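Please read these numbers as outputs of a predicted model, since none were measured by experiment. So you know, we letter chains A, B, ... as the sequences are listed, proteins then strands, and number each from 1.
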Number of protein chains: 2
Amino acid sequence: MVAKVKTERRMFHNNEECPIRNVITQIGDKWSMLILFALVDGADRFNSLKSRIVGISQRMLTQTLRDLEREGYVKRTVFPEVPARVEYELTTMGLGIVKPLYQLVTWASENHEEIKRSRREYDEKIM
Amino acid sequence: MVAKVKTERRMFHNNEECPIRNVITQIGDKWSMLILFALVDGADRFNSLKSRIVGISQRMLTQTLRDLEREGYVKRTVFPEVPARVEYELTTMGLGIVKPLYQLVTWASENHEEIKRSRREYDEKIM
DNA sequence: CCGGATCCCTAGGGATACTG
DNA sequence: CAGTATCCCTAGGGATCCGG
């Protein structure tokens with residue numbers, strides 16, 4: 001069986017003490033995973049990321065990159081050129097978390113048709 | 001190498017077409033994962049879940065359970081007794097998604113000290 | 001016991017305009 | 001180019017009270 005995530009059938013709840021919430025809360029936001037995946041193939045610059053991650057605003061790209069940097073997933077490098085050039089790349093830990101995330105994405109890809117079907121079915125029952 | 005999640009270096013963005021966002025958005029909320037994990041060992045009743053998942057409100061437990069049911073992860077069974085008794089259990093698909101989620105949780109458990117360290121370091125640099 | 005219905009408040013996040 | 005700073009609006013979610 002899989003490892004326990006609870007204490008005596010009592011679930012963690014405090015963000016500080018619960019690794020699940022503590023880690024997933026950050027990655028679970030709107031853009032973090034997409035940015036991590038966008039960096040898997042190697043370093044990239046701000047505006048390149050912005051155009052590749054369709055729909056993200058400048059504000060959220062900056063902010064999420066800062067958060068990912070703070071968590072230790074992303075390394076930010078400023079090249080003192082004119083105009084400024086900034087590159088972002090995954091750290092070892094960033095590459096580390098991407099692996100289990102891919103497991104999830106793979107599962108999601110394989111099952112999201114079934115999930116959409118389940119949603120439709122549920123919604124029909126309600127109405 | 002891992003499977004691509006992008007199209008020609010262009011990331012998915014639309015929730016309808018992007019399995020990542022489409023699936024993760026749902027379980028990425030505040031309580032879904034905790035509820036799924038709470039049901040791994042078998043079916044459980046509403047109030048039992050409520051006391052085991054410390055900190056969850058009645059409102060959010062109900063709502064999240066409904067969402068999980070709609071996604072197809074959880075089956076809800078009402079026993080026509082007095083007082084009413086309702087049991088929730090994982091479906092096959094619910095058990096399915098728990099596996100990759102555990103990969104993530106395991107990773108999180110192993111790395112969240114390192115992450116907390118990274119946060120402290122980052123915050124010190126800023127101030 | 002298991003919720004549904006309300007009220008309310010905050011954090012997340014979009015749009016836009018401005019800088020080194 | 002790579003941000004910062006504002007404004008603003010909505011969705012998430014807590015607290016509380018009511019009902020089958």
ask   = What is the distance from CG of A:L49 to C1' of D:dG3, rounded to the nearest Å?
value = 14 Å

task = Could you check whether A:F79 gets within reach of a base, just the sugar-phosphate, or nothing at all, counting any heavy atom under 4.0 Å?
result = nothing

query = Starting at CD1 of A:I53 and ending at P of C:dG14, how long is that distance when rounded to a whole Å?
reply = 12 Å

message = Categorize B:K30 for me: base, sugar-phosphate, or nothing, with a 4.0 angstrom heavy-atom threshold over every strand shown.
response = sugar-phosphate

note = From CD of B:Q26 across to C1' of D:dA11 the rounded distance in Å is 14 Å

query = Should B:E124 and B:R120 count as an ion pair when the cut-off is N to O under 4.0 Å?
reply = no

key: Rounded distance in Å - CZ (A:R21) to C1' (D:dG12)   = 12 Å

ask   = B:W31 has an atom CH2; how far is it from atom P of D:dG13, in whole Å?
value = 9 Å

ask   = Could you spell out the base pairing of DNA chain D in dot-bracket, with Watson-Crick or G-U pairs whose two distances are under 3.5 Å, [ ] crossing and | to another strand?
value = ||||||||||||||||||||

query = Hey, is A:E87 close enough to A:R85 for a salt bridge, meaning N to O under 4.0 Å?
reply = yes

ask   = DNA chain C: A:A84 or A:Q63, which has the more 5' nearest nucleotide?
value = A:Q63

task = Check each of A:D44, A:L61, A:L49 against A:Y88 using the side chain to side chain contact (heavy atoms under 4.5 Å, CB included) test, and report the only one that passes.
result = A:L49

query = For B:Q58 and D:dG20, what is the distance between atoms CD and P respectively, to the nearest whole Å?
reply = 16 Å

inquiry  = Closer than 4.0 angstrom, basic N to acidic O: yes or no for B:E113 and B:R117?
reply    = no

ask   = Checking all strands, does B:E81 fall into the base, sugar-phosphate, or nothing category for heavy-atom contacts under 4.0 angstrom?
value = nothing

message = Between B:D67 and B:T64, does the side chain to side chain donor-acceptor pair (under 3.5 Å) criterion hold? Intermediate values first, please.
response = CA-CA 5 Å; B:D67 291 341; B:T64 310; 5.4 Å; no

ask   = A:L65 CG to D:dT4 P: how many Å, rounded?
value = 11 Å

key: Residue mapping more 5' on DNA chain C - nearest nucleotide basis, A:P83 or A:D29   = A:D29

inquiry  = Does this structure show an ion pair linking B:K75 with B:E69, if we count only N-O contacts that are shorter than 4.0 Å?
reply    = no

message = Pick the closest DNA chain D nucleotide for A:R59 and for A:R85 by heavy atoms, then say which residue is nearer the 5' end.
response = A:R85

